[in-house]
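Only one structure is covered here, and it is reproduced in the block below.
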Amino acid sequence: MSDKILLPHKITLENRKDMTVSGVVQVVSYDEYRIVLRTDYGTLVIAGRDLVTGEISSATNTLKLTGKIETLQYKAARDKSENLLSRLMK
(Lines give C-alpha, C1' and ligand atoms only; values in the text may rest on other atoms or scores of the structure.)
Protein backbone atom coordinates (compact mmCIF):
# COMPACT_ATOMS: atom_id res chain seq x y z
CA MET A 1 0.00 0.00 0.00
CA SER A 2 1.44 3.38 -0.95
CA ASP A 3 0.81 6.56 1.00
CA LYS A 4 -0.38 9.49 -1.07
CA ILE A 5 1.72 12.63 -0.79
CA LEU A 6 -0.59 15.55 -0.04
CA LEU A 7 -0.17 18.89 -1.76
CA PRO A 8 0.62 21.73 0.64
CA HIS A 9 -2.54 23.75 1.26
CA LYS A 10 -2.64 27.41 2.30
CA ILE A 11 -5.25 30.17 2.22
CA THR A 12 -4.37 33.87 2.25
CA LEU A 13 -7.25 36.31 2.63
CA GLU A 14 -6.75 40.08 2.48
CA ASN A 15 -9.51 42.40 3.66
CA ARG A 16 -12.17 39.77 2.83
CA LYS A 17 -11.83 40.57 -0.86
CA ASP A 18 -8.56 39.21 -2.26
CA MET A 19 -7.81 35.53 -1.74
CA THR A 20 -5.12 33.09 -2.79
CA VAL A 21 -5.58 29.33 -2.32
CA SER A 22 -2.72 26.89 -2.84
CA GLY A 23 -3.02 23.11 -3.03
CA VAL A 24 -5.99 23.21 -5.41
CA VAL A 25 -6.45 19.86 -7.14
CA GLN A 26 -9.54 20.83 -9.15
CA VAL A 27 -11.96 23.72 -9.63
CA VAL A 28 -15.26 21.84 -9.35
CA SER A 29 -17.60 24.76 -10.09
CA TYR A 30 -17.83 28.50 -9.84
CA ASP A 31 -20.20 31.40 -10.33
CA GLU A 32 -20.44 34.89 -8.86
CA TYR A 33 -21.82 33.56 -5.54
CA ARG A 34 -19.89 30.34 -4.92
CA ILE A 35 -16.60 28.68 -5.85
CA VAL A 36 -16.07 24.99 -5.11
CA LEU A 37 -12.49 23.69 -5.02
CA ARG A 38 -11.14 20.20 -4.42
CA THR A 39 -8.01 19.93 -2.28
CA ASP A 40 -6.25 16.93 -0.77
CA TYR A 41 -7.72 18.04 2.58
CA GLY A 42 -11.35 18.06 1.45
CA THR A 43 -13.66 20.14 -0.70
CA LEU A 44 -13.49 23.88 -0.03
CA VAL A 45 -16.61 25.96 -0.66
CA ILE A 46 -16.09 29.72 -0.87
CA ALA A 47 -19.29 31.78 -0.77
CA GLY A 48 -19.84 35.48 -1.23
CA ARG A 49 -20.83 38.07 -3.80
CA ASP A 50 -19.25 39.20 -7.05
CA LEU A 51 -16.69 36.38 -6.88
CA VAL A 52 -14.31 36.30 -9.82
CA THR A 53 -11.60 33.72 -10.39
CA GLY A 54 -8.36 35.34 -11.39
CA GLU A 55 -5.09 33.63 -12.07
CA ILE A 56 -5.18 29.82 -12.00
CA SER A 57 -1.81 28.07 -12.08
CA SER A 58 -1.69 24.35 -12.74
CA ALA A 59 2.09 24.44 -12.24
CA THR A 60 1.77 25.61 -8.62
CA ASN A 61 -1.82 24.44 -7.98
CA THR A 62 -2.76 27.99 -6.96
CA LEU A 63 -5.96 29.97 -7.52
CA LYS A 64 -6.40 33.71 -7.01
CA LEU A 65 -9.87 35.22 -6.65
CA THR A 66 -11.55 38.48 -5.76
CA GLY A 67 -14.96 39.54 -4.51
CA LYS A 68 -16.86 39.94 -1.25
CA ILE A 69 -15.88 36.73 0.57
CA GLU A 70 -18.43 35.81 3.23
CA THR A 71 -17.83 32.16 4.16
CA LEU A 72 -15.28 29.38 3.81
CA GLN A 73 -16.42 25.83 4.45
CA TYR A 74 -14.65 22.49 4.17
CA LYS A 75 -16.53 19.33 3.38
CA ALA A 76 -14.75 16.11 4.23
CA ALA A 77 -13.90 13.78 1.41
CA ARG A 78 -16.30 10.85 1.33
CA ASP A 79 -14.86 7.34 1.63
CA LYS A 80 -15.22 5.94 -1.89
CA SER A 81 -15.38 2.38 -0.58
CA GLU A 82 -18.58 3.21 1.27
CA ASN A 83 -21.62 2.48 -0.89
CA LEU A 84 -25.05 4.10 -0.84
CA LEU A 85 -26.67 1.33 1.20
CA SER A 86 -24.09 1.48 3.97
CA ARG A 87 -24.48 5.30 4.16
CA LEU A 88 -28.25 4.92 4.46
CA MET A 89 -27.97 2.31 7.22
CA LYS A 90 -25.97 4.62 9.52
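Residues passing the side chain to side chain contact (heavy atoms under 4.5 Å, CB included) test with V28, sequence neighbours excluded: Q26, V36, R38. T60 meets the side chain to side chain donor-acceptor pair (under 3.5 Å) test with S57, T62; sequence neighbours excluded. Every residue two or more places apart in sequence or in another chain that forms a salt bridge (charged side-chain N to carboxylate O under 4.0 Å, His left out) with D40 is listed here: K4. Here E70 pairs with R49 under the side chain to side chain donor-acceptor pair (under 3.5 Å) rule; sequence neighbours left out. In this structure Y33 satisfies the side chain to side chain donor-acceptor pair (under 3.5 Å) test with no other residue, sequence neighbours excluded.
Through direct or relayed side-chain contacts under 4.5 Å between Ile, Leu, Val, Met, Phe, Trp and Tyr, I56 connects to I11, L13, M19, V21, V24, V27, Y30, I35, L37, L44, I46, L51, L63, L65, I69, L72, Y74. Summarising the hydrophobic clusters (Ile, Leu, Val, Met, Phe, Trp, Tyr; side-chain heavy atoms under 4.5 Å, direct or chained), the residues clustered with V52 are none.
Residue pairs meeting the salt bridge (charged side-chain N to carboxylate O under 4.0 Å, His left out) criterion with at least one partner in residues 8-36, sequence neighbours excluded, do not occur; the list is empty. Listed by first then second residue, pairs satisfying salt bridge (charged side-chain N to carboxylate O under 4.0 Å, His left out) with a partner in residues 54-64 number zero, not counting sequence neighbours.
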